[in-house]
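Structure first, then comments.
Computed from a predicted structure; not experimentally measured.
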Amino acid sequence: MSIYLGFDSSTQSLTVIAIEVDGSRRSVIYEHALNFDSEFPSYKTKNGVLPHPDPLVARSSPLLWAEALDRLMAIVAKESGIDLKQVRAISGSGQQHGSVYLNNQVEETLGKLKPSRPLADQIRGMFARENAPIWMDSSTAEQCRAITDAVGGAGVLALLTGSRAFERFTGPQIRKYWEQDPDGYERTDKVHLVSSYMATLLAAKHAPIDPGDGAGMNLMDLAHRRWAASAVRVTAPGLDAKLPEVKESWHVIGPLSHYWVKRDGFPPDVKVIAWSGDNPCSLIGVGLVKPGRIAISLGTSDTLFGFMPVPRVDPAGVGHVFGSPTGDFMSLICFKNGSLARLRVRDAYGMDWDAFSQALHATKPGNCGAIMLPWFDAEITPTVLTPGVLRYALDPNDGPANVRAVVEAQMMSTAIHSQWMGVHVDTIHATGGAAKNRDILKVMADVHDADVYQFVVGNSACLGAALRAYHADLVSEGKKVSWEDVTAGFTEPVKESRISPDPKNVAMYNELKKVYSACEAHAIRGGDDPTPAIEAFRKTHG
Ligand code: XUL
């Protein structure tokens with residue numbers, strides 16, 4: 001019997017899942033989460049983000065993530081009831097794109113940690129930069145332009161790295177740091193992602209970046225899974241020497257460092273496996289190890305993603321192609337206004353989640369043509385750098401209509417902006433916190449004209465990380481194993497959870513999607529006033 005741990009260092013919390021594998025007997029035996037805002041109030045984060053006067057800037061604290069890891073490892077060791085002797089490997093998932101800037105003291109500092117003292121107190125000296133810009137940051141439009149021009153255009157960068165330049169991607173963020181704080185950049189010995197930084201803390205040596213998370217930097221040659229020299233060169237001087245290695249997602253970094261062995265009692269031969277991004281881990285956690293289906297994750301960000309055997313880049317530049325932890329590829333689109341937008345609407349009308357669901361019940365699919373563009377924060381898909389909620393034929397005082405409008409907007413946007421993937425979707429694996437809400441999933445099914453399934457484990461990124469630890473352990477022992485075998489018994493959707501589309505609503509949403517696109521075009525590009533389109537929709541569906 002073997003136990004594998006998967007961590008998920010997300011925007012708002014750190015979670016751990018332990019899985020037990022005994023031949024074909026497989027189960028999740030433990031799950032525990034620490035919320036950053038409530039468990040670590042001294043860092044003063046709000047929804048995991050440090051306050052900043054510029055709404056386009058979003059940063060968090062790598063010291064906070066280290067403190068959370070220290071606390072959660074101790075909880076696993078002392079409170080979970082897990083037999084630590086059976087733990088064979090640990091991996092993890094991190095919010096993507098965020099960057100951590102470390103000086104040249106890392107390996108010395110981590111090599112000399114005193115097990116009797118908290119981690120965070122001992123590593124303060126190894127940061128070249130105190131804060132880490134995270135994926136919610138949209139402040140690098142200028143740097144995106146500079147990189148795009150220098151590399152030969154958006155198409156060149158997208159073909160090479162899997163994405164055109166995006167504000168939150170690590171390359172533009174690194175460039176901004178170099179421009180604004182050249183001394184801090186100079187002091188930086190290594191730039192890590194959230195994923196590789198957390199793995200570094202566990203192994204006490206610089207961890208590599210895997211192709212899943214590396215593809216979110218605008219710096220990696222996607223097809224060859226190595227740094228793309230031309231992109232690295234134009235991003236910031238001397239950056240090639242500051243990047244960790246790229247290694248496959250099943251790479252064994254080394255044993256767990258003595259700090260965790262002595263402090264918490266983990267066995268000294270526990271393997272630390274390369275961490276990956278939360279979306280690549282989620283791909284595994286919802287069992288998408290073959291083409292044909294997609295997943296929609298409703299979390300802090302809403303994402304839509306699918307397995308891709310060969311990379312096929314988005315010509316319109318909205319989507320991304322990342323490495324899949326299976327060694328293949330994955331397509332993805334990301335929406336910043338996910339769970340926090342739903343929460344903002346809920347709170348604005350004094351509701352709880354039950355009342356939110358009630359409101360979905362009480363209103364008619366299609367909302368009589370009322371549309372919300374829910375850009376509470378600057379949006380990633382489509383690019384909207386000036387935040388602001390826009391309403392078309394939607395009364396701001398009508399709570400239930402606004403609830404329906406935010407959910408319909410999110411679902412229509414995922415459908416409209418995923419067209420480039422060219423996948424005929426008939427089944428969606430729904431995951432993330434809000435995938436518990438079947439009223440939201442009903443809208444998803446109708447808008448996408450697809451069957452939607454739920455899963456037993458809500459945190460698919462965390463489960464995917466544990467499954468990757470299991471896979472890497474087998475591979476490292478020379479065992480041949482398929483991904484279907486690795487995920488079997490863990491990632492099957494719950495059969496009885498199926499929500500099927502209603503053909504009448506599907507036809508109606510096909511019309512409403514055109515109206516929604518017209519509203520987006522009006523708001524972003526000054527396109528035609530969508531009022532006539534809304535009126536026409538109302539005549540048939542009002
Ligand atoms: C993906 C993205 C987000 C973060 C959230 O490109 O930016 O989904 O990974 O954790």
Side-chain angles (χ1 to χ4, degrees), residues 279 282-283 285-288 290-299 301-307 333 335 338-339 341-343 345-346 351-367 372 374 400-401 403-419 421 423-461 463-464 487 490-513 516 541:
N279 293 293
S282 231
L283 187 80
V286 293
L288 294 188
K290 287 188 304 206
R293 295 180 169 195
I294 60 154
I296 295 184
S297 169
L298 303 174
S301 62
D302 284 352
T303 55
L304 181 152
F305 52 85
F307 178 96
I333 41 173
F335 302 85
S339 68
R342 289 183 284 274
L343 192 67
V345 171
R346 188 199 81 164
M351 298 179 186
D352 57 16
W353 288 119
D354 283 342
F356 190 91
S357 282
Q358 279 306 315
L360 281 174
H361 272 295
T363 46
K364 195 172 157 208
N367 226 3
M372 176 192 288
V403 166
R404 177 159 284 282
V406 71
V407 173
E408 289 187 341
Q410 291 173 325
M411 297 309 148
M412 287 195 284
S413 200
T414 54
I416 292 165
H417 295 291
S418 58
Q419 294 300 320
M421 290 181 191
V423 190
H424 172 74
V425 178
D426 55 20
T427 304
I428 299 175
H429 291 197
T431 180
K436 282 199 220 72
N437 187 321
R438 293 178 62 81
D439 295 299
I440 294 180
L441 300 192
K442 176 75 183 107
V443 181
M444 185 187 283
D446 286 344
V447 169
H448 282 268
D449 188 14
D451 286 337
V452 175
Y453 288 92
Q454 293 169 299
F455 290 82
V456 176
V457 178
N459 189 337
S460 51
L463 175 62
T487 53
F490 284 112
T491 63
E492 288 77 11
V494 179
K495 266 206 201 87
E496 307 72 47
S497 72
R498 187 177 77 187
I499 300 178
S500 295
D502 169 340
K504 248 188 15 262
N505 290 344
V506 171
M508 178 278 293
Y509 279 123
N510 283 340
E511 294 306 309
L512 194 61
K513 275 185 252 179
Y516 187 84
H541 304 283

Do the non-hydrogen side-chain atoms of Ser460 and Phe455 ever get within less than 4.5 Å of each other? no
Are the side chain of Arg404 and the backbone of Leu360 linked by a donor-acceptor contact shorter than 3.5 Å? yes
Just how far is it from atom CG of Leu441 to atom CD1 of Ile428, taken to the nearest 0.5 Å? 9.0 Å
Tightest non-hydrogen contact, residues Arg346 and Phe356, listed as CB-CD1, 3.9 Å
How many angstroms lie between CG in Asp502 and CG in Asp449, if you round to the nearest 0.5 Å? 10.0 Å
Test side-chain contact (heavy atoms from CB on, under 4.5 Å) applied to Met444 and Ile499, step by step: CA-CA 9 Å; Met444 185 187 283; Ile499 300 178; over 6 Å; no
Donor-acceptor pair, Arg438 side chain versus Ser497 backbone, under 3.5 Å? yes
Begin from the C-alpha positions of Tyr453 and Glu492 and carry the test side-chain contact (heavy atoms from CB on, under 4.5 Å) through to its verdict. CA-CA 10 Å; Tyr453 288 92; Glu492 288 77 11; over 6 Å; no
Please report the closest heavy-atom contact between Ala435 and Gln454, naming both atoms and the distance. O-NE2, 2.9 Å
Determine whether Val456 and Val494 satisfy the following criterion, side-chain contact (heavy atoms from CB on, under 4.5 Å), listing intermediate values before the conclusion. CA-CA 7 Å; Val456 176; Val494 179; 3.8 Å; yes
Side chains of Ile296 and His448: closer than 4.5 Å at any heavy-atom pair? yes
Which heavy atom in Ala461 sits nearest to a heavy atom in Ser282, and how many Å separate them? N-OG, 3.5 Å
Donor-acceptor pair, Ser339 side chain versus Gly299 backbone, under 3.5 Å? yes
Might you work through the side-chain contact (heavy atoms from CB on, under 4.5 Å) test for Met421 and Leu304, ending with a clear yes or no? CA-CA 10 Å; Met421 290 181 191; Leu304 181 152; 3.5 Å; yes
Determine whether a donor-acceptor pair (N or O, by modelled atom type, separation under 3.5 Å) exists between the side chain of Lys436 and the backbone of Gly458. no
Do Asp451 and Ser500 pair up side chain to side chain, a donor and an acceptor below 3.5 Å, judged on atom types alone? yes
Between the side chains of Glu408 and Tyr509, is a donor N or O closer than 3.5 angstrom to an acceptor N or O? yes
In terms of side-chain heavy atoms, does Ser357 have a donor or acceptor partner in Asn437 at a distance below 3.5 Å? yes
Using a 4.5 Å cut-off on heavy atoms from C-beta on, say whether the side chain of Leu512 contacts that of Asn367. no
Grab the two heavy atoms, one from Ala415 and one from Val447, that are nearest each other, plus how far apart they are. CB-CG1, 4.0 Å
Side chains of Met372 and Val345 in contact at under 4.5 Å (non-hydrogen atoms): yes
With a 4.5 Å cut-off on side-chain heavy atoms, are Asp439 and Gln358 touching? no
Closest non-hydrogen atoms of Ala341 and Pro374, given as atom of the first, atom of the second and distance, are CB-O, 4.4 Å
My understanding is that only residues two or more places apart in sequence, or in another chain, count here; which of them pass side chain to side chain contact (heavy atoms under 4.5 Å, CB included) with Ser301? Trp135, Thr303, Cys334
Atom pair NZ/CG of Lys364 and Asn505 - distance to nearest 0.5 Å: 9.5 Å
Test item: Ser413 side-chain N/O and Gln410 main-chain N/O as donor-acceptor pair under 3.5 Å: no
Can a donor-acceptor pair be found, under 3.5 Å and without considering hydrogens, that links the side chain of Lys290 to the backbone of Phe307? no
May I ask you to decide if the ring planes of His417 and Phe335 are parallel, tilted or perpendicular, using 30° and 60° as cut-offs? tilted
When rounded to the nearest 0.5 angstrom, what distance separates CG in Leu463 from OG1 in Thr487? 9.5 Å
Which pair of non-hydrogen atoms, one from Leu288 and one from Gly306, has the smallest distance, and what is that distance? CD1-CA, 4.4 Å
